[in-house]
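Contents: one structure, followed by commentary.
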Amino acid sequence: MTLLTGIATVVVLLLIAVALLPSKKRDKDSNQAASVLNPFQSPATPVNLREQQLQEESDAIASEYQRRSNEAWLDELSDKASTLLKAPAKPAARKS
């Protein structure tokens, strides 16, 4: 009888542990989803000024490279289109 009670106790404790673990994971996932849904909300951990400056500079560099690659792609596309259509090449309109 004691062995049966011990086994039942272990099974009940395992079931309780399994029931509690997914709820904690769901809470963490919902917190992450909330932060993804609202990217303009300030982060939970404060970012120092240097990290913020580095992030802004890296974003500016990335956007500049993206702009230049788009410009080069449009020029190349214009050249290919003019070759295929046998028309004189027109330079793509450049915006500053």
CD of Glu71 to CG of Asp75, rounded to nearest 0.5 Å, is 6.0 Å
Asn70 pairs by side-chain contact (heavy atoms from CB on, under 4.5 Å) with which of Arg68, Gln66, Arg67?
Gln66
Can you tell me how far CD of Glu56 sits from OG of Ser58, rounded to the nearest 0.5 angstrom?
9.0 Å
Please check: side-chain N/O of Thr83 versus main-chain N/O of Asp79, any donor-acceptor pairing under 3.5 Å?
yes
side-chain contact (heavy atoms from CB on, under 4.5 Å) partner of Ile7, the single match among Leu3, Thr9, Val10:
Leu3
Rounded to the nearest 0.5 angstrom, the CG-CG distance for Asn48 and Leu54 is 8.5 Å
